[in-house]
Amino acid sequence: MIAVVLVACRSPSVEVLAVDDRGPLATTPAIQGRDGGYSTRMGDLSVWAHGDTILAQEGEHGSWLNNTVSWTADLDASDGIDGFEQDLDGLGVPASFFPPADDVIWAGALVADPVRGGVLVSWIRIPEAGEERTGLSHWAGPGTLPDVPGDGLFGPEVRVASTLIADGDQLYGFGCQSRGFDKPCTLARSAFDDALSPSGWAFWDGSAWSDTPGDAKPLFDAHDILTVHFSEPAGLWMAVYSEPLGDRVYARTSEALTGPWSAPVELFEAEPSDDGTAPYSAVAHAEYTTATSDGWTEVVTYHRGTEPWHSELREVHVTLRSR
């Protein structure tokens, strides 16, 4: 017997008023392309974590890095986001975010850490032998390295950090696992004190929190990469993500992280990639949300291939209002 899980969704609660494509996000000529782009506020900076990064010249660890980080003091996106900096290696080119390793380590979501200071950053580690692991590391900020990823939190069957959300002293994480062409998202939480321990996490089973990861019930379908943040002007939680293998960028909203979540609302259609790949890794940057006279504006970036081994993160401002 096949069990079918039905997730209640409401009608869309927001509508799009305007879409303003600001073009490629500013970066250094030393970087030919990189994906990811999760960000969070850290003091007077906006810090951004990236996955695969292709350099224009060889660095100490080659020209292809699996993770990099950048930051900017430009917290006003009205004229576009600029002024990005990054740590450099001994050859003067952008350095790896995590200490270089033989394994593939992709950097993911960031969230300010009220207990340790700095931020927590999620990662996926694909070892040369053995199973994929996911986890969190603490990062004190520019000029430092994150804690070295160890065994992490969970194996390939469980994810909690497709996006990270702070709400009071609780850390929440959505995990979106591929199930064929579907990417159902489940919700977990931990006190910040216990967030680096697997035993500190509980999973939403549709009506209560469970210590058993297998009890988690999907709340909606989205993408492996997404962001969820509370939009103050709307008074709603907002999830933003790319259409898997498609060009559209969607949002869902809810009054509570546990749902019910709205039906997807199309925010915009991404500029098609020039290299034949689908655009992806759409994320919202909550630190740049601004209220307008009739709603609010969200800043979204996504990855777009421009030519072989080159890409851009494109910056789009979307103005919305509540229905």
Side-chain angles (χ1 to χ4, degrees), residues 36 38-43 45-49 69 97-98 105-125 133-141 146-155 157-177 185-206 208-213 215-220 222 224-232 236-241 252 254-259 261 283-287 289:
Y38 288 99
S39 73
T40 195
R41 180 79 177 262
M42 177 192 281
L45 300 175
S46 173
V47 294
W48 298 51
V69 66
F97 184 17
F98 286 99
I105 302 172
W106 287 314
L110 296 160
V111 66
D113 187 341
V115 173
R116 304 163 190 85
V119 301
L120 295 178
V121 55
S122 69
W123 47 262
I124 299 175
R125 184 170 197 163
R133 302 291 297 179
T134 59
L136 301 175
S137 290
H138 176 257
W139 182 51
D147 295 338
V148 178
D151 288 339
L153 294 171
F154 301 106
E157 295 81 15
V158 182
R159 287 188 185 175
V160 301
S162 294
T163 188
L164 297 171
I165 310 108
D167 190 19
D169 63 352
Q170 294 290 308
L171 174 63
Y172 291 83
F174 280 91
C176 304
Q177 296 279 61
C185 299
T186 57
L187 179 64
R189 76 174 183 185
S190 170
F192 269 95
D193 284 336
D194 301 323
L196 300 181
S197 170
S199 62
W201 287 86
F203 301 83
W204 184 250
D205 68 5
W209 295 99
S210 169
D211 293 334
T212 304
D215 290 342
K217 296 294 189 295
L219 292 173
F220 55 83
D224 307 77
I225 297 173
L226 80 159
T227 50
V228 177
H229 69 279
F230 189 75
S231 177
E232 294 284 353
L236 294 168
W237 293 98
M238 175 170 288
V240 174
Y241 57 94
R252 294 179 186 262
S254 177
E255 294 177 357
L257 286 171
T258 53
W261 285 81
V283 290
H285 304 279
E287 65 271 34
T289 300

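- In this structure, CZ in F174 is found 8.5 Å from OG1 in T186, a value given to the nearest 0.5 Å.
- Taking each heavy atom of F98 and P146 in turn, the nearest pair found is CE2-CB, 3.6 Å.
- Panel note: side chain S162, backbone C176; a donor-acceptor pair is recorded below 3.5 Å.
- Side chains of E255 and L236 form a contact here, defined as non-hydrogen atoms less than 4.5 Å apart.
- Put simply, CH2 on W204 and CG on L219 are 8.5 Å apart, with the number rounded to the nearest 0.5 Å.
- For W106 and W123, the ring centers sit 6.0 Å or farther from each other.
- By the salt bridge (Lys or Arg N to Asp or Glu O under 4.0 Å) test, D113 is found to be paired with R116, residues two or more places apart in sequence or in another chain being considered.
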Between D224 and R159, is the salt bridge (Lys or Arg N to Asp or Glu O under 4.0 Å) condition met? List the steps. CA-CA 10 Å; D224 307 77; R159 287 188 185 175; 3.5 Å; yes
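- For G168 against F192, the heavy-atom pair with the smallest separation is O-CE1, 4.2 Å.
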Criterion side-chain contact (heavy atoms from CB on, under 4.5 Å) on Y38 and T227, from CA distance to verdict: CA-CA 8 Å; Y38 288 99; T227 50; 3.9 Å; yes
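- In this structure, CH2 in W237 is found 4.5 Å from CG in D167, a value given to the nearest 0.5 Å.
- For the pair I105 and I124, the minimum side-chain heavy-atom distance is 4.5 Å or more.
- Side-chain polar atoms of E287 and S39 form a donor-acceptor pair below 3.5 angstrom.
- A distance of 9.5 Å separates CG of L110 from OG1 of T163, quoted to the nearest 0.5 Å.
- The shortest side-chain heavy-atom distance between L187 and K217 does not fall under the 4.5 Å cut-off.
- Across every non-hydrogen atom of A284 and H229, the tightest pair is CB-CE1, 3.8 Å.
- Residues G173 and W201 share a closest heavy-atom pair of N-CZ3, 4.1 Å.
- Without hydrogens or angle criteria, S197 side chain to D194 main chain gives no donor-acceptor distance under 3.5 Å.
- Within the model, atoms CG of L120 and CG of L196 stand 6.0 Å from one another, a figure rounded to the nearest 0.5 Å.
- For R133, there are no side-chain hydrogen bond (donor to acceptor under 3.5 Å, both in side chains) partners at least two apart in sequence or on another chain.
- Nearest heavy-atom pair, A195 versus L171, reported as atom, atom and distance to 0.1 Å: CB-CD2, 3.7 Å.
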Using side-chain contact (heavy atoms from CB on, under 4.5 Å), reason through V69 and W48 one step at a time and then give a plain yes or no. CA-CA 6 Å; V69 66; W48 298 51; 5.9 Å; no
I'd like to know whether D147 forms a side chain to side chain donor-acceptor pair (under 3.5 Å) with S137, so could you lay out the CA-CA distance, the side-chain angles of the two residues, the decisive distance to 0.1 Å, and finally the verdict. CA-CA 5 Å; D147 295 338; S137 290; 5.9 Å; no
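- Annotation: side chain of T134 is not in contact with side chain of S122 (no heavy-atom distance under 4.5 Å).
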L257 and Y172: CA distance, side-chain angles, deciding distance, side-chain contact (heavy atoms from CB on, under 4.5 Å) verdict: CA-CA 9 Å; L257 286 171; Y172 291 83; 3.7 Å; yes
Go through V119 and T40 one step at a time and tell me if the side-chain contact (heavy atoms from CB on, under 4.5 Å) criterion holds. CA-CA 9 Å; V119 301; T40 195; 3.9 Å; yes
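- Using a 4.5 Å cut-off on side-chain heavy atoms (C-beta onward), F230 and I165 make no contact.
- Shown here for D211 and P213, the closest heavy-atom pair between the two residues is O-CD, 3.5 Å.
- In this structure, CH2 on W209 lies 10.5 Å from OG on S190, to the nearest 0.5 angstrom.
- Using a 4.5 Å heavy-atom cutoff, the side chains of V160 and L153 are in contact.
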